[in-house]
Amino acid sequence: MPEGHTLHRLAVQIDAAFVGAPWRVSSPQGRFAAGAQLLDAQTPRRAEAWGKHLFVHLDPQTWHVHLGLYGAFTFRGVPGFATAASIGAPRSRTAALEPEYQEDGWLLPEPPRGAVRARIQAQHGWADLRGPVTCAVLEPPEYQAVIQRLGPDPLRQPAETIDPQAREAFLENLSRRRISIAAALMDQAVIAGVGNIYRAESLFEERLAPDTPSNQISQERAEALWGRITEQLRTGVTEGVIRTLRGKSARRHWIYKHQGTECLRCGETIAARELAGRRLFWCPGCQLD
DNA sequence: CATCGATGTTTAA
DNA sequence: TAAACCTCGATGC
């Protein structure tokens, strides 16, 4: 589930579990050996999410992680060390840990299983990172370069409010592009944190046709879309999964992966097609403009 | 046991 | 536009 909500949950959890005390960093798989050596024994100062990017700030460097399609962190430790056992792409649940401490007072970690790019360890637990598309140590100018390419992230607005500046930046980005709204929402320079599921579900709830040119959407509709995405992402952070559909069924989404079935709002058959290498889902019956 | 597919991005053609 | 990256649960035989 690595859309924006996942990374914000991850930042919160890493902050709670690792920030403020020296950590141990290794790369059991070996592909991050040099970076791990730079981070090892440092004290992480702050974890931050921006869109689908995770940054853990040390001094003066920054650990940069992007989970991509199938990256994930798994957490293990004493009870209370971490709330979620795994954050990122789906991972099987593991059995409860039998805590055992080493002579130095640190929890004895289990041997890494599979391809663990990075293991970060605190005194009472650890986390393993598998399958990220990005795992790198950045110097301050490199960090600046990464965030300069990112558009506004709805989850960086103050809690329960809309930041007019961020929303305005989104509107400005839409108006300056001659691409469809479906393409624009996937462009992390337009809005950071939206992926294929939030794209489908937000356009559906706003009744926006995916092929509408982004620069032809009225200010009112664009502001409503920003508000809708904000609400959906915040629900994702709270629940840990993307849920746009409320109700008694286990079904979470209005249209994502429900092509060929009846739209729950208008009864028309939900459609799907390929757009820029990703599946696009929409309802031709009620997403009309 | 083999193959497929996925919430994503970068690079090459 | 296509392929590569890289992991693993789900699916199929």
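Labels below follow one simple rule: chain letters A, B, ... track the order of the sequence lines, proteins then strands, and each chain is numbered from 1. Predicted model, so just to flag it, every value in this text is computed and none were measured.
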Can you give the donor-acceptor pairs under 3.5 Å from side chains of residues 161-172 of chain A to other protein atoms, not counting sequence neighbours?
unit_1	atom_1	unit_2	atom_2	d
A:Thr161	OG1	A:Pro158	O	2.8
A:Asp163	OD1	A:Gln165	N	3.0
A:Glu172	OE2	A:Arg176	NE	3.1

Check: In terms of hydrophobic clusters joined by side-chain contacts under 4.5 Å, are A:Val56 and A:Val137 together?
Finding: yes
Which nucleotide in [options] has an atom nearest any side-chain atom of [X]:
X: A:Tyr256; options: B:dT9, B:dA6, B:dG8; answer: B:dA6
X: A:Arg149; options: C:dC5, B:dT9, B:dT10; answer: B:dT10
X: A:Ala115; options: B:dA6, B:dT7, C:dT7; answer: C:dT7

Length of the line joining [X]:[atom1] and [N]:[atom2], which is rounded to integer Å:
X: A:Phe281; N: B:dA6; atom1: CZ; atom2: C1'; answer: 10 Å
X: A:Ile255; N: B:dT7; atom1: CD1; atom2: P; answer: 13 Å
X: A:His253; N: B:dT7; atom1: NE2; atom2: P; answer: 11 Å
X: A:Phe73; N: C:dT7; atom1: CZ; atom2: P; answer: 14 Å
X: A:Leu7; N: B:dG8; atom1: CG; atom2: P; answer: 11 Å
X: A:Leu233; N: B:dT7; atom1: CG; atom2: P; answer: 16 Å
X: A:Met186; N: B:dA6; atom1: CE; atom2: P; answer: 13 Å
X: A:Asn196; N: B:dA6; atom1: CG; atom2: P; answer: 9 Å

Could you tell me whether the phosphate oxygens of [N], OP1 or OP2, come under 4.0 Å of any side-chain nitrogen or oxygen in [X]?
X: A:Lys52; N: B:dT9; value: yes
X: A:Tyr198; N: B:dT7; value: no
X: A:Arg130; N: C:dG9; value: no
X: A:Arg278; N: B:dT7; value: yes

Note to self: Please name the nucleotide paired to B:dT7 by Watson-Crick or G-U wobble geometry with both distances under 3.5 Å, or report none.
What the structure shows: none
Notebook entry, point to check: How is the hydrophobic cluster of A:Ile147 composed, in terms of its other members, when Ile, Leu, Val, Met, Phe, Trp and Tyr link through side-chain heavy atoms under 4.5 Å apart, directly or indirectly?
Noted result: A:Trp50, A:Phe55, A:Leu138, A:Tyr143, A:Val146, A:Leu150
Notebook entry, point to check: In terms of the nearest nucleotide of DNA chain C, which residue is placed more toward the 5' end: A:Arg31 or A:Ala276?
Noted result: A:Ala276
Check: Does A:Arg149 pair with A:Asp187 as a salt bridge, N-O distance under 4.0 Å?
Finding: no
Notebook entry, point to check: At under 4.0 Å between heavy atoms, what does A:Gln29 touch on the DNA or RNA strands: base, sugar-phosphate, or nothing?
Noted result: sugar-phosphate
Next item on the list: Determine the interatomic distance between C1' on C:dT1 and the same-named atom on B:dT7; round to the nearest Å.
Entry: 22 Å
Next item on the list: Write down the distance separating the P atoms in C:dG9 and B:dT9, rounded off to the nearest Å.
Entry: 23 Å
Margin query: Side chains of A:Leu107 and A:Glu100, heavy atoms from C-beta outward: is any pair under 4.5 Å?
Written below: no
